[in-house]
Amino acid sequence: MPELPEVETTLRGLIPALVGDTVSNVDIRTSGLRFPFPHDLSSKIKNRRVTSINRRAKYLLISLEGDLVLLSHLGMSGRMRVFTKGDKIPPIDKHDHVIFRTLRGTEVRFNDSRRFGALDLVSVKKLETHAFICNLGPEPLSESFNGAMLAARLFEKKTNIKTALLDQRTIAGLGNIYACEALYHANLSPRRGAYTIQGKRAERLASSIQRVLRAAIKAGGASLRDFRQSDGGLGYFQHQFAVYGRENELCPRCNVANHPQGCIKRIVQNGRSTFHCSQWQR
DNA sequence: ATTGGTTCCTGCTGGC
DNA sequence: TGCCAGCAGGAACCAA
């Protein structure tokens with residue numbers, strides 16, 4: 001499930017493949033996914049050069065010549081698969097919804113089996129006010145992100161900390177996996193009221209968030225069912241999960257302490273599974 | 001205004 | 001072994 005590290009991994013695969021090259025052809029095979037695609041998507045981006053590619057939260061921002069930005073969200077199961085000239089190109093899959101081709105012979109396929117992904121076009125000057133972008137909270141890997149900033153944002157919240165971390169307006173880029181993992185590494189109970197995360201606890205949580213995201217990016221993201229890097233390779237961070245998906249197992253620290261039985265519990269918060277260690281997270 | 005529940009979609013899993 | 005109900009999850013939407 002693409003969260004910030006998976007989108008960052010995708011970004012790092014797209015940059016060398018696309019930046020500096022020019023879109024020559026856009027094959028749109030579906031009228032839309034979560035939302036209808038812009039009706040003029042193909043004509044708007046054809047013959048434009050890709051000037052840069054960036055990430056904001058879980059969105060890819062593909063900047064094109066002429067102050068145009070192609071926004072993409074990978075949803076639950078979206079992938080951007082890159083084939084460069086000379087690669088063996090597989091047959092088109094039924095979930096290859098948009099295929100971008102370039103002058104240099106690169107092909108990028110936006111594949112999304114669960115169809116929760118999105119694509120939109122916006123001018124650079126309207127980017128910050130675009131509906132996808134305008135309510136996003138701070139980037140956890142930015143220079144300015146720290147415990148004090150996080151504490152201030154959590155202080156207003158009446159919900160539990162796990163739910164607050166999933167809300168992209170609080171902090172942008174975390175999904176279910178990294179919210180669970182960050183709370184574990186910060187020794188904080190997912191049930192705790194968000195407003196109680198202040199001072200030292202907020203420092204701990206902020207640094208845990210950064211640490212887990214950086215480690216996941218380094219591992220090329222996590223591949224559970226769906227995620228693949230843009231070259232088709234797997235991410236490896238799932239092997240470093242401390243709690244996610246490990247109900248009734250021992251967390252790393254309980255394992256060291258040789259506890260007799262599984263410490264990792266699964267609870268449901270707002271309809272989402274939360275995995276946490278009943279021994280260490282308070 | 002904020003929050004929690006529901007919904008979209010498809011593929012995989014687990015229980016019978 | 002095979003089938004199918006149920007689950008998974010991001011975020012928009014809606015209702016309270």
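Order of the sequence lines fixes the chain letters, A, B, ..., with proteins taken first and strands second; residue numbering starts at 1 for each chain.
Checked by distance alone, A/Arg272 brings a side-chain donor or acceptor within 3.5 Å of a matching partner on the base of C/dG10.
When the side-chain nitrogen and oxygen atoms of A/Thr159 are compared with OP1 and OP2 of B/dG4, one or more of them lie within a distance under 4.0 Å. For C/dA8, the OP1/OP2 oxygens have a side-chain nitrogen or oxygen of A/Ser273 closer than 4.0 Å. At B/dG11, one or more side-chain N or O atoms of A/His95 fall inside 4.0 Å of OP1 or OP2 (strictly under the cut-off).
The number of heavy atoms from other shown groups lying within 6.0 Å of OH (A/Tyr195) does not exceed 12. A/Lys265 NZ: more than 12 foreign heavy atoms inside a 6.0 Å radius. The number of heavy atoms from other shown groups lying within 6.0 Å of CZ (A/Arg81) is above 12.
Following rounding to the nearest Å, A/Leu33 (CG) and B/dT10 (C1') show an atom-to-atom distance of 12 Å. In this structure, A/Leu165 atom CG and B/dT3 atom P are separated by 13 Å, rounded to whole Å. The NE2 atom of A/His130 sits 13 Å away from the C1' atom of C/dA12 (whole-angstrom rounding). A straight line from CG of A/Asn176 to P of C/dA11 spans 12 Å, rounded to a whole angstrom. Atom-to-atom, CG of A/Asp93 to P of B/dG11 comes out at 9 Å; the value is rounded to the nearest Å. Atom C1' of nucleotide B/dT3 and atom CG of A/Asp167 are separated by 9 Å, given to the nearest angstrom. Rounded to whole angstrom, the span from the CG atom of A/Asn135 across to the C1' atom of B/dT3 amounts to 15 Å. The distance from atom CD1 of A/Ile161 to atom C1' of B/dG4 is 17 Å, rounded to the nearest whole Å.
Which of B/dG4, B/dT10, C/dA12 sits closest to the side chain of A/Tyr59 comes down to C/dA12. The side chain of A/His73 has C/dG10 as its nearest neighbour among C/dG10, C/dA12, B/dT3. Considering only the side chain of A/Met76, C/dG10 comes nearest among B/dG5, C/dG10, C/dA12. Residue A/Lys58 places its side chain closer to C/dA11 than to any other of C/dA11, B/dT10, B/dT3.
Taking for each of A/Lys94 and A/Arg34 the nucleotide of DNA chain B with the nearest heavy atom, the 5'-most of the two is the partner of A/Arg34.
The aromatic ring of A/Phe116 does not sit over the base of C/dA11, since the test of centres under 5.5 Å and planes under 30° is not met.
A centroid separation of less than 6.0 Å is found between the aromatic rings of A/Tyr59 and A/Phe132.
Within 4.0 Å of A/Gly271, counting heavy atoms only, lies no atom of the nucleic acid at all.
Contact between A/Phe110 and A/His73 at its shortest, heavy atoms only, is CZ-O, 3.7 Å.
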